[in-house]
Structures are given as structure tokens and as C-alpha cells.
Amino acid sequence: MFQDPLQAQLLPALQAAFQELFQHALDPKAIAFQPTRPEFEGDVTINVFPFLKLSGKGPEQTATAIGKHLHAHVDVVERFNVVKGFLNIVIADAYWTDFLREAGEKGILQFPSSGDQVMVEYSSPNTNKPLHLGHARNIFLGDSVSRILQAAGNDVVRVQIVNDRGIHICKSMVAWLKFGNGETPESSGLKGDKLVGKYYVAFDTAWKAEVAEQIAAGMKEDEAEKQAPIMLEAQEMLRKWEANDPEVRTLWAKMNGWVYDGFNATYARMGVGFDKIYYESDTYVLGKKDVMDGLEKGVFYKKEDGSVWVDNTPDGLDEKVLMRGDGTSLYMTQDIGTAIKRFEEFPGLKRLIYTVGNEQDYHFKVLFLILKKLGYAWAEGLYHLSYGMVDLPTGKMKSREGTVVDADELMEEVVQEARLAGEELSKLDDFSEDEKTILFEQIGMAALKYYLLKVDPKKRMLFDPKASIDLQGHTGPFIQYTYARIRSLLRKAGEKFPVVSSQLSGVQASAAGQPTTDSYQLNQEERTVIKLLHQLPAVLNEAATKLDPSSLANHTFELVKAYNGFYQTVPVLKEEDGTKRNFRLALSNAVGSATKRALWCLGIEVPERM
RNA sequence: GGUCCCGUAGCUCAGCUGGAUAGAGCACCUGCCUUCUAAGCUGGCGGUCGUUGGUUCGAAUCCAACCGGGAUCACCA
């Protein structure tokens, strides 16, 4: 469990002060430390309004008394001032310089191992069509949350469950047999998932034509939709699949194989991976036994037609069917069985996080409740990482209307845009073509990932194509640029002051070998940067707790923004005072390392130059 | 209709365990490249925090109602 080291010093001191001054105990939960607003002097502010009832004194009096006591008893409290009920505390420079030294030595964004194993499920596509923008939000979110949990000390198992069976893939198979003429990814040059998606669309087109024909011949619409010959073929295909028909199974395996090749190429470019992949063709048989067990235990009940239900009305939900009357399974049946299987396979698992869109909020509420009712203690560790839909400026994405944004095309576009912008700046003349390709890939992907991750996951968001390829302002490339400038600065420092470069991780040694942490006086810009750096671990902790990368993304932006202000106004290499220069190099180094690590948590790479 | 989520600057978003004069980016206007990378930095413009009421010393933040937008409530996945 992470605790802010500064608050760890101040909190007990504050409680002791209050006890001594006013003879009352302060509830630690009632105490809120906040960063002092920039218009006042101070680093940490304590709001004493909530304590007034206990202190029996006015706000100024209370704050002043506490301030004096803290100043007298806590080393790091340099001085304080009181504005109304706000006690603004100035923390000693030595505290910040000590922190910076540690940050340089250890890195601040890797917490000690908790030993907890956490499973994160994300992506989980169907195999009948390529990945799109909606998947991109899911995948970047799941990947980033996995990284954040790892940085916070957890052992993370990344999984996805691929929906590789069902009517959807049969549709692609039927259409491919009818219209494909044996087309393959090799013969067509099409990516496997794109090829299969093409036949899914072809199915839909042919089916619609048949429906229109039958309606023209006098059939009712819903009847025509069900009775269209091609639809009957797809259903027949599904039956054969379930009967293990060898021909159907072979075709199914072949086409799914194409899709996986395509998905893997997309995942590779996204920079994400999985430790284990579940397939619904394996898991769809799971759960029936568990439902029957629940029935025996009296957790579920059976209706006259033989279907099995759970009554969740006492919990404010509805009744839910878990198994059909004919004994065949439903989505819920499989999900129950799959969850149980996972905890059997990974007995050490503490938590299981499902990254799934918020249209399934109800489904997961019911699923988790059912597993609790079945008596599984681990059900407390289940969590639905629910995220909002991605809208386009033109409205909702609809696959039927062809308004989906393809993930591969999207990535290609942002990378091309990065190339255009990069070539224009003509800063990269000495880059080889290969180096440029890598750089533009990094920049484009940073733009895309940051754009999708900076927004609170649970909120619906708008995808503006123009803004997503922006390289300026509140963007991933802006942060990368700051990092590249820091790296450049440090490279030059290494050339000009070779001795210094070996000491960058330590602030303590000046050119003369004298310790400087005790006496170093921070200027305004240094102080601002170092405080934001100091907050970063708490932000990581919050991101890990809330499973929300956006807080980390936003704070990292604030940090590098502050650093840019420092960089612009405070000389580093040009500083003649060796102590100051070393300190500023160490500060730059620490910001660079932390930035790199924070971006890593977002799945974003950093270039050494750009 | 029941349940859940959302509504903050022209646009996109922070802030929401109640606290000081509500922030950032984009856009628009302005200044800064003979000095460490100008993919940067400065300054300016821009707000009845959906509405109304309540709780409180104090509300964008909590509560209620209403308005507007969305999701969900299948023997689909």
C-alpha cells in the first residue's frame, strides 16, 4: 500500500499537535492535505475549517497554533503562513533535494511487489470482422491498466477470450464458399481479418438482396429475414459445426487462422500482447455443470419448461435465465463457467478485471451476483472495467452503416500524419530512413494512444480525427518531445562535463565533491517541477486503485508542461555555477526517467531524439 | 416505464472522498528563435459549472425534483 512520504511525516505530527493544543483526537480521514495554490506561499496546505468544532477556536487561531507546533516539531516544516482557515506550509528545500536524489537512484514508479496476482481481460473480439476504433479504446485501456497494475507491484496475467464460434463466423464461411472462388490472404494480398470481414459483408449484402426479393414476392419482412436461403445455409453450417462435421470444422479452422494472423499483426503494431488466450469454442460448453450445482443448492430454480433461472429481485435486479429449456447454454452460462475455470487454473488469483464496454454493465452486475450466490469467496475480486463508447463527429459508429473506423487504417493514418509533420520540420536530416520510420511510428502511436487514454474511461468520448493526430498541446507527442529534449540535454552534458554525467543519479556531489543537498536553494521553477514529480507516485497509486490511466496521463502532462517552463527560463548547461548545473541536470534526469516510466504505463514509447 | 451513466469556456476534456478568485488543450488575438531541440515558451480573449430547490460556515462537487443526451432491461452475444 502506497503512502505519500511527506504526508506520512505530517499526519502524525498534526495529530499530536492537535492533541496537545486542543486535547482532542483528530480523525485521520478528516484531514486533507492539498497542494498549496500557486498564488500563495507554501507547498502543502491544511484546511482547518473541519477542526474548528474540536478546537473551539477561530480559524486563524487554530491554524496558527497548529502551524507553530508543526514548525517546532517537524524538521521539514520550514515556515508557514495562515490565510483564513488555510494553513500553508513551506517544506524545507532539503526535503525536496533528498527526494530528488532518491528519485534519481531508485526510480519512483515501481512499487514493491504485493505478491498479488491479477488477471486483466481485454480486447476479446469476434472473429468475423477486423478490429476497429472501439476495440482500440478497449485494448489501449486494458493494456495500460495491466501496465499500471504491474508498476504498482502486482503480478498481472493478461488474457482475452476470442469469440471464434457462432452464427457470425458461419456467415463469413457461407459467403466465402459461395463467392470466394478459393480466395486466400496470399492470393488476394488482403490481411486475413480483412478478408474474412469482406465475406461477412458479402453475406449481409446477399442476404438483404434475398430478403428484398422475398418481400417483393409477398412475404412478410421478419419472415423473409428468417427464411432467406443464405441465412438458412448459415444456420445449417452452425448445426454442422456443432455436430463436428469435419469439412465445416476444417474450413472454420482455416478462416479463423487467417483472422488470427490479421489480429496478431494489429496487436503487434499496437504493442500489446496476452499471456493466455481463451476461445469460446472451448469455453462455451463450460458452466452447465455449475448451473446444475446451483440448482441443487437451491440458488437457482427451474421453470416448467426446464429452463433454469436465478431470482435477483431481492437484490434490486430482475429474474435472469441461465440455461435454456433444452439444456443448451447461454452467454451467462459460459461466463459463469469460464470465471470458475480461471480461478481453478490460477489459484493465486486475487482479482479478475473484465475490460468490457458499459453496454454490458447489467450483464456483469448479474454475473458477479450469481457467483457470489454460488458461494465463491473470490467473487469479491471480480471487477467490470466499464468504459464508454467512442463517438464520431458524425455520430455513433455503426458497422451496418459502414461508419466504423478500422484500427489498422487508423494507425496508418496517425503515423503518416506524424511523418508529414516531422518531414516538414526538417530537424531529422541526419536520420536514416529506418530511424525515421521507427520515430514516426512512435509519435503517431503516442498521439493515438494518448488521445484515447487521457479521457476518463467510464465516460463516453468523442473521437475527432483531426484532434487525434495533433502533435501539439495536450498530446502524447508533446510529452515525448519534452523527453527528447531532456535526453538531448543530458547527452550534451555528458560531452561537456563527463564527470558530471556519471553522477546524474545523485544530486549530492558538486564539482568539488561537496554535498549540496543541505544547502541547495530551489528557485521557483525547480520547486514547481519537483513538487509535481513528487506527486507522481501518489498518482500512479490512484490510477492503480481506480483502474484509470487518465489521471496518470493528465498528471504526466502537467509535469512536462512545468518542466518546459523551467527549461525555457532556467539555464542548465549554460549555468556557470557547477552546483546549480548539477542539480538541474539531476532534476532533468529524474523528470526524464519518470516521464519515460509514466508513458510506459500508458503503453507509449519514447524517442531519444525528435 | 424500471435501473444505470452523462451534462463544466465556441470545441474537446480536467477538477467531483465539499474548501481560497473553477483549470488545461484546441481555436482566435499577442510577443519570444545570433544562447541547452520553437513538435516549445509569454500574455490576452473566453464560464448563470443543464435548471430549480435543499443540506452546510462553505456546493461544479452531496441530496431531491425537473430538463436534455445515452445505455440497458432477450431462452442474442
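Lettering follows sequence order; numbering is per chain, from 1. All values derive from a computational prediction rather than experimental measurement.
Below 30°, between 30° and 60°, or above 60°: for A:Trp207 and A:Phe203 the angle between ring planes is below 30°, a parallel geometry. Aromatic ring pairs are classed by plane angle as parallel below 30°, tilted from 30° to 60° and perpendicular above 60°; the pair A:Tyr451 and A:Phe463 is perpendicular. Using cut-offs of 30° and 60° for the angle between ring planes, the A:His363 and A:Tyr331 rings count as parallel.
In this structure, A:Tyr284 has its ring center under 6.0 Å from that of A:Trp241. Between A:Tyr563 and A:Phe566, a ring centre-to-centre spacing shorter than 6.0 Å is recorded.
Taking atom CG of A:Leu471 as the reference point, atom C1' of B:A39 lies 7 Å away to the nearest angstrom. When rounded to the nearest whole Å, the span between NZ of A:Lys53 and C1' of B:G58 equals 12 Å. With rounding to whole Å, A:Glu558 atom CD is found 13 Å from B:C13 atom C1'. Atom pair A:Leu490:CG and B:U37:C1' shows a separation of 13 Å (rounding to whole Å applied). For the pair A:Tyr450 OH and B:C13 P, the computed distance is 14 Å after rounding to whole Å. To the nearest angstrom, P of B:C73 lies 11 Å from NE2 of A:His363. Between A:Glu576 atom CD and B:C36 atom P the separation is 15 Å, expressed in whole Å. With rounding to whole Å, A:Asp361 atom CG is found 8 Å from B:C5 atom C1'.
Using a 4.0 Å heavy-atom distance criterion, A:Ala484 is classed as a base contact. If you check every strand for non-hydrogen atoms under 4.0 Å, A:Ile443 touches a base. Using a 4.0 Å heavy-atom distance criterion, A:Tyr481 is classed as a base contact. Looking at heavy-atom distances under 4.0 Å, A:Asp326 makes no contact with the nucleic acid at all. Within 4.0 Å (heavy atoms only), A:Leu462 reaches sugar-phosphate atoms of the nucleic acid but no base atom. A:Val572 comes within 4.0 angstrom of a base, heavy atoms only. In this structure, A:Lys574 reaches the bases: a heavy-atom distance under 4.0 Å links it to at least one base atom across the strands shown. A:Leu425 comes within contact range of at least one nucleobase, with a heavy-atom separation under 4.0 Å. As judged by a 4.0 angstrom heavy-atom cut-off over every strand, A:Val82 is placed among residues making no nucleic acid contact.
Within 6.0 Å of the CD atom in A:Glu225, the count of heavy atoms belonging to other residues, nucleotides or ligands exceeds 12. Surrounding NZ of A:Lys458 are at most 12 heavy atoms belonging to other residues, nucleotides or ligands under 6.0 Å away. In A:Lys226, the NZ atom is not crowded: 12 or fewer heavy atoms of neighbouring residues, nucleotides or ligands sit closer than 6.0 Å.
For the P atoms, the distance linking B:A22 with B:A9 amounts to 14 Å, nearest Å. B:G54 and B:A14 have their C1' atoms separated by 28 Å, with the value rounded to a whole Å. Rounded to the nearest Å, the gap between the C1' atom of B:C13 and that of B:U51 is 23 Å. Only the P atoms considered, B:U30 is 43 Å distant from B:G68, to the nearest whole Å. Comparing the same atom, C1', in B:U35 and in B:G40 gives a spacing of 15 Å after rounding to whole Å. Straight-line distance between the C1' atoms of B:C4 and B:U56: roughly 29 Å, to the nearest whole Å. Nucleotides B:U21 and B:A39 place their P atoms 39 Å apart, quoted to the nearest Å. Nucleotides B:C67 and B:C29 place their P atoms 42 Å apart, quoted to the nearest Å.
In terms of phosphate contacts, A:Lys365 brings no side-chain nitrogen or oxygen within less than 4.0 Å of OP1 or OP2 of B:C4. Regarding contacts with the backbone of B:U37, a side-chain N or O of A:Ser488 is found under 4.0 angstrom from either OP1 or OP2. Contact check, A:Tyr567 against B:U37: a side-chain N or O comes under 4.0 Å of OP1 or OP2. Applying the 4.0 Å criterion to OP1 and OP2 of B:A39, one finds that A:Arg485 has every side-chain N and O outside that range.
If you check B:U37, B:C36, B:C6 against the side chain of A:Arg491, the one that comes closest is B:U37. For A:Asn564, the side-chain atoms get nearest to B:C41 when compared with the rest of B:C41, B:U37, B:U12.
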Quiz item: Can you give one letter per nucleotide of nucleotides 25-33 of chain B, going 5' to 3': B for a protein heavy atom under 4.0 Å from the base, S for sugar-phosphate only, - for none?
Solution: SS-------

Practice problem: Indicate for each nucleotide in nucleotides 16-21 of chain B, in 5' to 3' sequence, whether protein heavy atoms under 4.0 Å reach the base (B), only the sugar-phosphate (S), or nothing (-). | Solution: B--BB-

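Base orientation of B:C33: syn (glycosidic angle within 90° of 0).
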Quiz item: Would A:His168 and A:Asn163 count as a side chain to side chain contact (heavy atoms under 4.5 Å, CB included) if you check the C-alpha gap in whole Å, the side-chain angles of each, and the deciding distance to 0.1 Å?
Solution: CA-CA 9 Å; A:His168 59 274; A:Asn163 185 9; 3.4 Å; yes

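Defined by atom type and a distance below 3.5 Å, a donor-acceptor pair is missing between the side-chain atoms of A:Thr475 and A:Asp470. A side-chain N or O of A:Asn564 and one of A:Arg485 form a donor-acceptor pair less than 3.5 Å apart.
Residues satisfying the salt bridge (charged side-chain N to carboxylate O under 4.0 Å, His left out) criterion with A:Glu605, sequence neighbours excluded, are absent altogether. Listed by chain and residue number, A:Phe18 satisfy the ring-ring contact (aromatic ring centres under 6.0 Å, His included) test with A:Phe22 (two or more places apart in sequence, or in another chain).
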Could you run down the sub-3.5 Å N/O contacts of the protein with nucleotides 69-72 of chain B?
from  : atom 1 : to       : atom 2 : distance (Å)
B:G70 : O2'    : A:Arg460 : NH1    : 2.6
B:A71 : OP1    : A:Lys396 : NZ     : 2.7

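Under 4.0 Å is where a charged nitrogen must lie from a carboxylate oxygen, and between A:Arg419 and A:Glu423 at least one such pair does.
Checking side-chain atoms of A:Arg584 against main-chain N and O of A:Pro571 turns up a donor-acceptor pair under 3.5 Å.
Cation-pi geometry between A:Arg609 and A:Phe431 is not met at under 6.0 angstrom from the ring centre and within 45 degrees of the axis.
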Quiz item: Dot-bracket for RNA chain B, 5' to 3', counting Watson-Crick or G-U wobble pairs under 3.5 Å, with [ ] for crossing pairs and | for inter-strand pairs?
Solution: (((((((..((((.....[...)))).((.((.......)).)).....(((((..]....))))))))))))....

